Amino acid sequence: MIEATPSFLDALVLTGGGTGGHFFPAIALAEGARARWSDRAIVFVGARRGIEGRELPNRAWPHLLLDVEGVVGRSPLRMARSAWKLWRAVSRLKRLWRSERPWAVIGTGGYGAAPALLAARALGIPFFLHESNAAPGALAKLVAPKARRVWCGMDAVRPLLPQADCLVVGTPVREAFLRDFRPPESLKPPFRLLVLGGSGGARAINEAMLELAPTLLEGLPDWGILHQAGPMEVARLEGRPRHPRHELVPFIARMDEAMEASSLVLSRAGASTCAELKASGRGSILVPLPTSANDHQRMNARAMAAEGRAVVVEQGVDFPARLGCAAGALMRDSGAGRAMSGQAEANQAVARCLDDLEARLRL
Ligand SMILES: CC(=O)N[C@H]1[C@@H](OP(=O)(O)OP(=O)(O)OC[C@H]2O[C@@H](n3ccc(=O)[nH]c3=O)[C@H](O)[C@@H]2O)O[C@H](CO)[C@@H](O)[C@@H]1O
């Protein structure tokens, strides 16, 4: 099927993806921009094989999906092929944008953002970058020096981008998270533990939960588990024995509602999930992805623990047993109304980014 190419003339381009942690902040910024500049076209550019390739066709945003993939950390042959795909995608955008020049480009990282940010840089189109994590990704490092501004999720990233003009704003969350949430203490039984594995699911968490859930739930008759295992993982785990109050799902479309209905969350420590836990005021058990670049998930998790919002359980020896102990203790507390303090904190990141964009472009 040949997709129609949207018009980019004077549009605001949002670009970010590959994973949800890079795509959903772009959605959050697009929602904020639509409310602020209702007469301006907003167009998404992303990767067909990223989460945006699945999500954008279901949404009303005009978009262009390109055949690109991650370049860094692959075998030399794959890297050469990915670099060639990227070059081809950048060339296509440059051709399009020479006749239909966008107004500005906002990138939230991931390989889905590479073509549009590189094309904007080459053509001198003003571009802005958002970096959620404590350590910048490869793309951010490459383009940050020429960005009109690099909006940062946290302060720790500034020294790692010394040539960039950084502003700390927090991590943008979707519109659905910009509201009051019912406090966890007001929830009634049956209580729910929400298990999340980031946008793709987390195999180590899935395996541990399958092992420990039967004992955990037998000891806590007022509790059930909603477990987002990831689309590929749900298929892999089909047929494995599971406690009747342990529900597996591939993906959760309304994460705000899922968090609000849960007394406690057990999750990876991606930057967007951490921002959403703060916005919804849910306490959590965080299991950082051990292989995250520069160990940024551990930094994210520790920052949440320092605010009293999370306990951190590392993977490693006896992981399921340690996870079970932490979960059992916190579930008993949460059920008794002594939820770990998850004071909800209004997220201001979208407003801060867009105020800054207005100031920089002198609107
Ligand atoms: C393996 C990998 O590269 N992980 C990175 C990726 O993770 P990942 O994409 O897993 O990270 P995040 O936790 O930051 O974001 C996930 C996003 O997807 C949403 N969601 C998830 C599951 C679901 O069922 N429904 C749903 O809506 C979450 O609500 C959240 O908005 O980006 C993050 C932000 O740059 C990084 O910190 C992670 O290290």
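What you are looking at is a predicted structure, and each value in this text was computed from that prediction instead of being measured. We count ligands from 1, going down the list as the structure has it; atoms in each ligand are counted the same way.
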Looking only at side chains, do W37 and E358 share a donor and an acceptor under 3.5 Å apart?
yes
Please identify which atoms of ligand 1 are closer than 4.0 Å to at least one heavy atom of H22.
35 (O)
Quick test of your reading of the structure: of H130, M255, Q297, M299, whose heavy atom lies closest to atom 5 (C) of ligand 1?
Q297
Could you name the option among F251, F23, F24 that has the heavy atom nearest to atom 19 (C) of ligand 1?
F24
Where is the nearest protein heavy atom to atom 27 (O) of ligand 1: which residue, which atom, and how far?
R174 NH2, 3.2 Å
Identify whether the distance between the nearest side-chain nitrogen and carboxylate oxygen of R360 and D165 falls below 4.0 Å.
yes
May I ask you to decide whether R48 forms a salt bridge with D67, counting only side-chain N to carboxylate O separations under 4.0 Å?
no
Give the numbers and elements of all ligand 1 atoms closer than 4.0 Å to a heavy atom of I252.
23 (C), 24 (O), 25 (N), 26 (C), 27 (O)
What atoms of ligand 1 come within less than 4.0 Å of a heavy atom belonging to S272?
12 (P), 14 (O), 15 (O), 30 (C), 31 (O)
Which atoms of ligand 1 have any heavy atom of H296 under 4.0 Å away?
36 (C), 37 (O), 38 (C), 39 (O)
Heavy-atom contacts with G198 under 4.0 Å: which atoms of ligand 1 show up? List them by number with element.
10 (O), 22 (C)
Do K278 and E307 meet the salt-bridge criterion of a basic N to acidic O distance under 4.0 Å?
yes
Atom 8 (P) of ligand 1: which protein heavy atom is closest, and how many Å away?
S199 OG, 3.5 Å
For the residue pair E52 / H63, report whether a side-chain donor-acceptor contact shorter than 3.5 Å exists.
no
Below 4.0 angstrom from a heavy atom of T19, which ligand 1 atoms are there? Numbered from 1 as shown, please.
3 (O), 6 (C), 9 (O), 32 (O)
Does the N58 side chain pair with the main chain of R54, one donor and one acceptor, at a distance under 3.5 Å?
yes
Whether R268 lies under 4.0 Å from ligand 1, heavy atom:
no
Ligand-residue contact atoms, ligand 1 with N133, heavy atoms, under 4.0 Å:
34 (C), 35 (O), 36 (C), 37 (O)
Residue, atom name and distance, where the atom is the protein heavy atom closest to atom 13 (O) of ligand 1
T273 OG1, 2.5 Å
Which ligand 1 atoms does L289 reach within 4.0 Å, using its non-hydrogen atoms?
1 (C)
Whether W223 and F191 hold their rings parallel, tilted or perpendicular, with breakpoints at 30° and 60°
tilted
Closest non-hydrogen atom pair, V43 against S7
CG2-O, 3.6 Å
I'd like the name of whichever of P172, G110, G21 reaches closest to atom 16 (C) of ligand 1 through any heavy atom.
G21
Using a strict threshold of under 4.0 Å (side-chain N to carboxylate O), is an ion pair present between R192 and E247?
no
Parallel, tilted or perpendicular: which describes the rings of W151 and F128, with under 30° parallel and over 60° perpendicular?
parallel
Looking only at protein heavy atoms, what sits closest to atom 28 (C) of ligand 1 is E276 OE1, 3.4 Å
